[in-house]
Structures are given as C-alpha cells and as structure tokens.
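Heads up, the thing below is written out as structure tokens.
Numbering of ligands and ligand atoms starts at 1, following listing order. These values consider heavy atoms only, across backbone and side chains, with no hydrogens, waters or symmetry-generated copies.
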Amino acid sequence: MFDLTNKVAVVTGGASGIGASCVEVLRSTGATVAVWDLHQVPGVIGTDVADPAAVRRSAEIVLDAHGRVDLLVNCAGVITQNLPAQDVDPADFRRNFDVNVMGIVNSSQALYSALAATGAGAIVNVASQAALMCLPHQSAYSASKGAVAALTRSLAIDWAGDNIRVNAVCPGFTLTPMAVQQMTPELNRAVSQRVPLGRMFQPEEIAQTIAFLGSSWASAVTGVVMPVDGGWTAGEPALPMGVE
Ligand code: NAD
C-alpha cells in the first residue's frame, strides 16, 4: 500500500458515502485529512462548496492548521428528482451545476496555489458513470457529470505545468445514502443484469481507486476520467448473441 504520511488532503462531501470512505482510506495510508461538508458534524468544516467565499474561508482554515494541501478530493455532489427532461425545473439544472460543477471549480481554485506549492499536487474529482453513459430521467445530473469530465481534462492541461495532476473517477451504482434513495427491487435486478461484474459497489471500492489516483503511485497519470463501474461502460453484456 502506498504511504501518504505527512500529506494533507481535503475531502469535500466527506461526511457521508463515498466521501466518508475516502476520509477513512486516506487516513489509513497516513494522510492528515480535512473534511468539508454541508452537514456540520463533529470534525467537519461546514462548507457549501457552491459558495466561493465559504470555500475560500475553509481553505484558509486548513492552511492555517496544517500549512499545506497535497490532495483535493472533490466528492460533494447532489442528484435531483428523476423526471423526463421536458419536465425538469431549470432550478434543478442550476442546483446540479452549482454543486457538482461549480463546487469543483470553487474548491480547486481556492486550493490551486497550495497544491502548486507542494510541487506534486493532485486533485481527484468524483464524476459518475452518468458522465459516460447517461441515466434515464437524470438529464441535469448527467449533464453536470459530463461537465465534470471535461473540467477534469481542462484542469489537467492547464495545471500540468504546476505539476498538479487532475483525474476523475466515474463510479457505478455504489451503496451510499444517495444511491439507496433511488433503489427499487426492479432497479436492483436490472443493475445486476446490466453490470458485467453483476453487482453494486461498496463506497470503499471507489475510495481505494481515488486514493491510488491521489498518490505518487499514479505519478504519471493526469487527465484521466476512469470508470469504476464493474464494466458498465465497457459494453452490453445482456445482448442475446447466440453461441454456435
Ligand atoms: P452522499 O449523499 O452519501 O454524500 C454526498 C455528500 O456531499 C453529503 O455528505 C452531502 O452533505 C455533501 N454535499 C452535498 N452538497 C454539498 C455542498 N453544496 N457542499 C458541501 N457538501 C455537500 O452521496 P454519495 O453517493 O457518497 O456521492 C458522492 C459523490 O459520488 C457525488 O458526487 C455523487 O454524484 C457521486 N456518485 C455517486 C454514485 C452512487 O451510486 N452513490 C455513483 C456515481 C457518482
């Protein structure tokens, strides 16, 4: 296992689900981890990532406490109600973009100088399988995650000269509060047939990939938008292609 001792990480959305697993996995590798989340639970720096001034204040708190930031994991995200595209309220589109896209812009800009100062900074954005293969009745969420993929590549190019690596993961269905609220027995069955590995994922399976991308073990990797989806985006396993 790689060692992140003496490294400082910020995890947004770290109070729940994939973000909370990232905090655990990163701490297990020796990193000091600061958590930003809308939910103000003990040990968390209350932050709305959609608010640039709030994000700048949280960045100052971390830098005052630890003097550096080596890794930013942009995990905070929202999903809005399932609706056909013609019925989606523009406010829902805006909310998905404010948190899922602008949250990453705000956090990455606020920590850019600190990440550059380390000489080997890293950002890992949490996009979604919806960035690569859209989910039905989730146009706002899917569009926002597609933007996260493009933003990841843009930041990777712009900040390569500062030796800041920027990558993204695209999780498949992962058993967190966000996904469980969408789950029905029919969806559960459909996912297990559609996903080549035949199952949903535990948050730590996503967090381990994020920790790898954030570590020096991935020192040559930047601008990658990586599915962590059990093969969902690799192909269509349920097509009835007969074997002679
Ligand atoms: P979750 O709801 O368990 O956790 C999301 C966290 O983000 C919460 O703690 C929430 O308070 C925080 N958050 C929301 N808005 C915020 C804001 N404005 N500022 C700060 N924090 C905010 O959900 P999760 O499933 O762990 O999702 C984490 C990320 O993974 C999201 O970006 C989500 O889109 C993505 N994702 C999840 C799945 C899945 O199946 N669970 C699949 C693909 C992608």
> Any idea which of Gly19, Gly77, Ser107 brings a heavy atom closest to atom 14 (C) of ligand 1?
Replying inline: Gly77

>> Less than 3.5 Å apart, any donor N or O on the side chain of Asn96 or Thr80 sitting next to an acceptor on the other?
In response: yes

> Does ligand 1 have an atom that lies less than 4.0 angstrom from a heavy atom of Cys75?
Replying inline: yes

>> How long is the straight-line distance from CG of Asn167 back to CG of Leu213, given to the nearest 0.5 Å?
In response: 5.0 Å

> Does some non-hydrogen atom of Trp36 fall short of 4.0 Å from ligand 1?
Replying inline: no

> Under 4.0 Å from any heavy atom of Val99, which atoms of ligand 1 are there?
Replying inline: 15 (N), 18 (N)

>> With a cutoff of 4.0 Å, is Ala127 in contact with ligand 1, counting heavy atoms of the residue only?
In response: yes

> Gln182: heavy atom below 4.0 Å from ligand 1, yes or no?
Replying inline: no

>> Using a 4.0 Å cutoff against the non-hydrogen atoms of Gly17, which atoms of ligand 1 qualify?
In response: 3 (O), 26 (O)

> Which protein heavy atom lies closest to atom 22 (C) of ligand 1, and at what distance to 0.1 Å?
Replying inline: Ala76 CB, 3.7 Å

>> Show the atoms of ligand 1 that are less than 4.0 angstrom away from any heavy atom in Val126.
In response: 29 (C), 30 (O), 32 (O), 35 (C)

> Among protein heavy atoms, which lies nearest atom 1 (P) of ligand 1, and at what distance?
Replying inline: Ser16 OG, 3.6 Å

> Among the clusters formed by ILVMFWY side chains lying less than 4.5 Å apart, do Val73 and Ile18 turn up in the same one?
Replying inline: yes

> If every non-hydrogen atom of Leu26 is compared with every non-hydrogen atom of Ala211, which pair is closest and at what distance?
Replying inline: CD2-CB, 3.9 Å

> Among the heavy atoms of Thr12, does any lie under 4.0 Å from an atom of ligand 1?
Replying inline: no

> Taking atom 15 (N) of ligand 1 as the point of reference, which of Val228, Ile18, Val78 owns the nearest heavy atom?
Replying inline: Val78

>> Contact between ligand 1 and Gly14 is defined here as a heavy atom of the residue under 4.0 Å from a ligand atom; is it met?
In response: no

> Among Gly13, Ala50, Ala130, which residue places a heavy atom closest to atom 7 (O) of ligand 1?
Replying inline: Gly13

> Between Lys145 and ligand 1, which residue portion shows a heavy-atom distance shorter than 4.0 Å: side chain, backbone, both, or neither?
Replying inline: side chain

> For atom CD of Gln182, is the number of surrounding heavy atoms from other residues, nucleotides or ligands below 6.0 Å larger than 12?
Replying inline: yes

